[in-house]
Undergrad: 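Supplied in structure tokens, the structure appears directly below.
If you read the sequence from its start, that first residue is 1, and numbering goes on from there.
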Amino acid sequence: MFPTGIRAALIDMDGVLYDSMSHHARAWHKMMAEYGIETNPDEYYLYEGMTGAATINLIFRRELHRDASEQEKKDLYARKAEIFTASGRKLPMKGADRMIRAFMNAGIPRVLVTGSAQSSLLNSLDKDYPGAFPADMRVTANDVKHGKPEPEPYLMGAAKAAVSPEECIVVENAPLGVRAGKAAGCFTIAVTTGPIPREAFEKEGADIIFPSMDDFADWLETGLGDRIDNKENNMQLINELDKAVERLSPATVTIVTDTNVDSAVLPIFSGSKTLATANKVVLEPGEDHKNLDSVVRIWNALEEAGATRHSLVVNIGGGLVTDIGGFAAATYKRGIRFINVPTTLLGAVDAATGGKTGINFNGLKNEIGAFHLPSEVIITAAPLATLSRRELVSGYAEMLKTGFIADESLYRSLLDIDGVLDDEKRLEAAMKRCVEIKEDVVAQDPTEKGLRKILNFGHTAGHAFESLAIERHKPLAHGEAVAHGMLVELILSHILKGFDSGEVTKYAECVLKPHYPRTNVNCDDIPTLISLMSHDKKNASVGHANFTLLSSPGVSIIDCVPGKKEIETALGIYLDMMN
């Protein structure tokens, strides 16, 4: 199965895109022989990925017991390049065109990452692989200080794609290249297109090894099939967005998004009439930027666009974007319309629906906000393919919460986290059920006077964990914090409402520990956490934390106000369970 959360492909050149390694090996062998050093042509397959200067220095140290001078490196590499160029045309590797088409059809950006500076091949890329590697999406020996097997080339490749290394797939045919990809933290594919045995790639820790580029292309086309099929879904999404905007007939349209979504998701909307004519505000991602400064940027953009009370904001992003964009819309000219297009699992089942908008203030989560219902919420699975596993699992916490508070059968089905996340149909069905539950609750209580408070389960303690993590500059994702908050509140539910202790243990052992990162809090943090809970915006009175608790899965009890000692006890039990 194609790994989840891959957002860029970092692709080697020699032996992957071109059947060129035999030419390189012969050129190296001949150049060294001319210099008076006898080598085995096959050994150069082992050095593939190293820069030319590093290869020359390796041979000099072994044979001459000294480093090559800078002039020697320059002259010898120039001669090697001359022999290589004269050896004739290097044909594209069989199967490589299929690999490139699969990545391109799935909308996955490609970055060339090669240890070569061979201009004869680099100049052939646009002809042999048109559109595959834009000029600003290439890393060569001329760009790095430390070539493969150091991770620098692949780290640079990830940076060019504007994604994290963990969101990249590396395609290599050399053990040193595999070592570099793994050191960078990428999912690394090895293709044995040369004489190097499979064992050499296993030793370097390749995630998957293929015997040929055709075999890799077969696997890739199958694994990316869903993404390629999503092109039709993308067109449906574009049409849905454009029709929604058309129905509202706005005076102006302003898109609000963030830098991650702008690079990874907005290309999905490239055919949208809405995006083609709208002005756009691109915010910085992260809770540190969920503040008034970001709102002011949106207000300024609306002013510059000549927005009126009949204008429209379209928020395309996760919960941070829909919260900030919705708040800006709620407060501009006393409230203008907005559409939410959530691009994360968390956003789809939580922040995008219900009309809660807000920003953080003085280190407190969503301390300033307003109720302002979106004109439309467009729920789609199309952007989820761009998410990392961690982001998906974070959003999953809100789904678990929804099952806990209102639908025991939904909760039981969601205990199979990996099974649901790996099955798009099961995931979409669960998402729709969660949105259905939330919309029903919000319709009965739009401004959180009663029933809607059940949606806060896990959030009073969760917001405290989240605020403490931000204060320590070690942020937890919102869903991760809520996952921990739910355990604290399940413990309180057991203490105060008789919730089954076996269910508490099952949640801790089967859900929280295996799937969510630890909070790194200890006993000394308990007073701080209680203080943060007492300042939560949901509290009816200052200094008294208000919780939604459960008597059993699917049965919620609102407006529970435990004493300080009971909260301390629950936090103490939480810490014991997490150790």
Undergrad: Please find the pair of heavy atoms, one from Leu476 and one from Glu466, that lie closest to each other, and give the distance.
TA: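 Reported closest heavy-atom pair: O-CG, 4.1 Å.
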Undergrad: Strictly by modelled atom types, are Asn546 and Lys453 linked by a side-chain donor-acceptor pair under 3.5 Å?
TA: no
Undergrad: I need the full list of salt bridge (charged side-chain N to carboxylate O under 4.0 Å, His left out) pairs touching residues 518-529, with sequence neighbours left out, sorted by first then second residue.
TA: Arg472-Asp525
Undergrad: Any side-chain donor-acceptor pair under 3.5 Å between His494 and Glu489?
TA: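 His494 vs Glu489: no donor-acceptor pair found between side chains.
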Undergrad: Assess the pair Tyr396 and Tyr516: is the distance between their ring centroids shorter than 6.0 Å?
TA: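 Centroid distance Tyr396-Tyr516: not below 6.0 Å, so no.
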Undergrad: Which pair of non-hydrogen atoms, one from Lys148 and one from Pro153, has the smallest distance, and what is that distance?
TA: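 Looks like N-CG, 3.8 Å.
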Undergrad: Determine the sole option in Asn340, Asp323, Thr357 for which the side-chain hydrogen bond (donor to acceptor under 3.5 Å, both in side chains) test with Asn315 is passed.
TA: Asn340
Undergrad: Classify the ring geometry of Phe465 against Tyr574: parallel below 30°, tilted from 30° to 60°, perpendicular beyond 60°.
TA: tilted
Undergrad: To check you understand the geometry: which heavy-atom pair defines the closest contact between Leu549 and Leu492, and what is its length?
TA: CD2-CB, 3.9 Å
Undergrad: Would you confirm whether Thr192, through its side chain, and Arg198, through its main-chain N or O, come within 3.5 Å as a donor-acceptor pair?
TA: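 Answer holds: no.
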Undergrad: Looking at the rings of His372 and Phe338, which for Trp means the six-membered one, are their centres under 6.0 Å apart?
TA: yes
Undergrad: Might you point out which heavy atoms bring Met486 and Ala397 nearest each other, and give the distance in Å?
TA: CE-O, 3.5 Å
Undergrad: Side chains of Thr569 and Glu566: do they bring a donor and an acceptor to under 3.5 Å?
TA: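 No donor-acceptor contact under 3.5 Å links the two side chains.
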Undergrad: Does Phe404 have its ring centroid less than 6.0 Å away from the ring centroid of Tyr507?
TA: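 Between Tyr507 and Phe404, which both carry aromatic rings, the centre distance is below 6.0 Å.
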Undergrad: So does Arg390 pair up with Glu480, basic N to acidic O under 4.0 Å?
TA: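 Yes, this pair counts.
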